[in-house]
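Note that these values count all heavy atoms, side chains included, but never hydrogens, waters or copies made by symmetry. The shown structure was predicted, so the numbers you read here are calculated from the model rather than taken from an experiment. Chain letters run A, B, ... following the sequence lines, proteins first and then strands; every chain starts at 1.
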Amino acid sequence: MADEKKLTSRSEDFSSWYNEVVLRAELADYSPVRGSMVIRPWGYGIWENMQRTLDEMFKETGHENAYFPLLIPMSFIEREKAHVEGFAPELAVVTQAGGKELEEPFAIRPTSETIIYSMYAKWVQSYRDLPILMNQWANVMRWELRTRLFLRTSEFLWQEGHTAHATPEEAEEETLLILGIYRRFMEEWIGMPPVTGLKSESEKFAGAVRSYSCEALMQDNKALQAGTSHFLGQNFARQFDLKFQSEAGAEEYAWNTSWGVSTRLVGGMVMTHGDDAGLVVPPRLAPVQAVIVPITRGDDTAAAVLEKSHQFAARLKDQGVRVKVDARENLSPGAKFYEWERKGVPFRVEIGPKDMEKGQVALARRIVPEGAGRKEFVAEDQAVSEMPSRLESFQTELREAAWKRREENSHRGVKTLDEMVEIIENGGGMVYTGWNGDPAVEEMVKERTKATIRCIPTEEFRSGSAPDRCVSGEGASTMEVAWARAY
RNA sequence: CGGGGCGUGGCGCAGUCCGGUAGCGCACCUGCUUUGGGAGCAGGGGGUCCCCGGUUCGAAUCCGGGCGCCCCGACCA
């Protein structure tokens, strides 16, 4: 960095910018253990707000929380063939405990399908015991070769929902219900509108029949898989003997779904809204929505300004605003301004002696709309009463900007591989083409462009007129797919 | 696992080529003056120079070995 105080700009080096934002906005820090991170209060506060909202959404749709253990017998993981093949390379395994070699090693959960369905098997006898709709908030571990703060850490926090149903139709409906919840959460809370769709065979979850995902486009035009919802069929039920007696009296295997989002969402938020001054946190997720910086002088007005600041904070709080007074004495106001900007607080309120005389406050918005001034002087009462609506319009503005950016970087009607290469190598983005469904084409395109099929888009995301030829030039298109380089 | 970079007060770095008193900026502590966009002055505290071994009168610096972290790639719900 030329200037130690400034961040590397996004255009200079997006990857460095991202790391610097995460570290210097105090979202997280590297831990002593390779590939794992410490989530600091500012980052965890954002995660807690995500959790709270999602948790409510799950409960509103009939799900209950439970908790299953961290350690899973190795034999469980090995039971479902595709599952073990998918996860074996990245398992961390406990082989010793209590000073002794264990008879059977335990895997530290990379995901909990196996242990959860083994328990469901115990709890389910009749169709009357179904559906089971459970979720757990947990940590999981996947020993990735290469890690990145929030985007891919060896240990991460997530929620994993696991359900069991009597019919495939009901399970499929559940899978899509959750996909919709994820999408709504990403749009309305993170302001990160994803494209939803089905994963190709090669990209689907290890053990699933079908995987659906939310794919969000970041500012560097790479896609981030932000959430997945899987229809597991009876794959796990068969392996774990999860059976029930149907209304007609027959013994049948249950139909399962699993779905999850993780702390990766925090990384997605950073890469969706951050700018060269640092983080921008959407108001609905911000631990502090408005920070009050008292401007004091070394005279007898200082006490009054501080008192006014706290009063003002209390009034905002009454309006349901999450607010903080930054009364630190060792920092100048300017230093505080930069710090809160770096952390992405939506609004800053300055209160000084001059404002007190005029009964006003200075209001600074973290992102300033086109043509607007940096600071706005607003009458105190008005600032209080308007703050909730100002926060909401800030939220809306972020979402709309992200939506616009996604659309501007979505390339539809791309017919040839050459055309696709041209786009991917010059700025990138989401490229929509026809596909004949052949995995070899998928592999070939990946080889050539480093882009992968992010998803086979849900109907509403498909292009107006369906492509008729496969991007490979060979054969008719059987479906439209969205390609992008991905995290 | 391949390529690159880096390990020196809390953080960022210089010093290493050419061996000889461990330094700078920020942060921290005390005091005074300040405070509307990264405060100033004065005083002060803090370091096994990643580890092990070797060469040398003497090693942050030279030699050998090891470890760790970050970035790029391969891999990856």
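Side-chain rings of Phe347(A) and Phe394(A) approach one another, their centers coming within less than 6.0 Å. The aromatic ring centres of Tyr117(A) and Tyr120(A) sit less than 6.0 Å apart. Taking the six-membered ring for Trp and the full ring otherwise, the centers of Phe236(A) and His83(A) sit less than 6.0 Å from each other.
One finds a side-chain N or O of Asn330(A) lying less than 4.0 angstrom from the OP1 or OP2 phosphate oxygen of C28(B). Contact annotation: Asn19(A) side-chain N/O to C71(B) OP1/OP2 distance is under 4.0 Å.
When heavy atoms are screened at a 4.0 angstrom cut-off, Lys336(A) is found touching no nucleic acid atom at all. If you check every strand for non-hydrogen atoms under 4.0 Å, Phe205(A) touches sugar and phosphate atoms only. Base contact: Arg342(A) has a heavy atom under 4.0 Å from a base atom. Counting non-hydrogen atoms under 4.0 angstrom, Pro353(A) reaches a base of the nucleic acid. Using a 4.0 Å heavy-atom cutoff across all strands shown, Glu350(A) reaches at least one base atom of the nucleic acid. In this structure, Ala302(A) reaches neither bases nor backbone, as no heavy-atom distance under 4.0 Å exists between it and the strands shown. Base contact: Thr296(A) has a heavy atom under 4.0 Å from a base atom.
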Tell me, with the steps shown, if Phe58(A) and Trp259(A) meet ring pair (Phe, Tyr, Trp, His ring centres under 6.0 Å). CA-CA 11 Å; Phe58(A) 298 151; Trp259(A) 28 276; 5.1 Å; yes
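Across the interface with RNA chain B, nearest-nucleotide mapping of His230(A) and Ser36(A) shows Ser36(A) to be the residue nearer the 5′ end. With the nearest nucleotide of RNA chain B identified for both Gly227(A) and Glu339(A), Glu339(A) has the one nearer the 5' end.
In this structure, Arg328(A) places its CZ atom where more than 12 heavy-atom neighbours from other residues, nucleotides or ligands lie under 6.0 Å away.
Between C70(B), G38(B), A77(B), one nucleotide has an atom nearer to the side chain of Trp158(A) than all others, and that is A77(B). Ranking C71(B), A77(B), G36(B) by closeness to the Phe156(A) side chain, first place goes to A77(B). Of the candidates A77(B), G38(B), C70(B), A77(B) carries the atom nearest the Gln225(A) side chain, counting heavy atoms from C-beta on. Taking every side-chain heavy atom of Lys450(A) into account, A74(B) is the closest of U35(B), A77(B), A74(B). The nucleotide whose nearest atom lies closest to any side-chain atom of Ser15(A) is, among A77(B), G36(B), C71(B), C71(B). Closest to the side chain of Lys446(A), from the set A77(B), C76(B), G36(B), is C76(B). Nearest nucleotide to the side chain of Ser262(A), out of A74(B), A77(B), G38(B): A77(B).
Checked against side chain to side chain donor-acceptor pair (under 3.5 Å), Trp158(A) has the following partners two or more places apart in sequence or in another chain: Glu160(A).
You'll find the side chain of Thr163(A) reaches within 4.5 Å of the side chain of His63(A), heavy atoms only.
Donor-acceptor pairing under 3.5 Å, judged by distance alone, is present between the side chain of Arg348(A) and the base of G37(B). For G37(B), the base has a donor-acceptor partner in the side chain of Glu341(A) [N/O atoms by modelled type, under 3.5 angstrom].
Of the residues in residues 138-145 of chain A, those lying under 4.0 Å from RNA chain B by heavy-atom distance are Arg142(A), Glu144(A), Leu145(A).
Here A77(B) presents its P atom at 18 Å from CG of Leu179(A), a figure rounded to the nearest Å. Residue Glu20(A) contributes atom CD, which lies 12 Å from atom C1' of C71(B) at whole-angstrom precision.
With no hydrogens or angles considered, no side-chain donor-acceptor pair links Arg264(A) and Thr153(A) at under 3.5 Å. Using modelled atom types, one finds a donor on one side chain and an acceptor on the other under 3.5 Å when comparing Glu113(A) with Ser258(A).
Partner assigned to C32(B) is G40(B), using Watson-Crick or G-U wobble distances below 3.5 angstrom. Summarising the base pairing, G9(B) is matched to no nucleotide, lacking a Watson-Crick or G-U wobble pair whose two defining distances lie under 3.5 Å.
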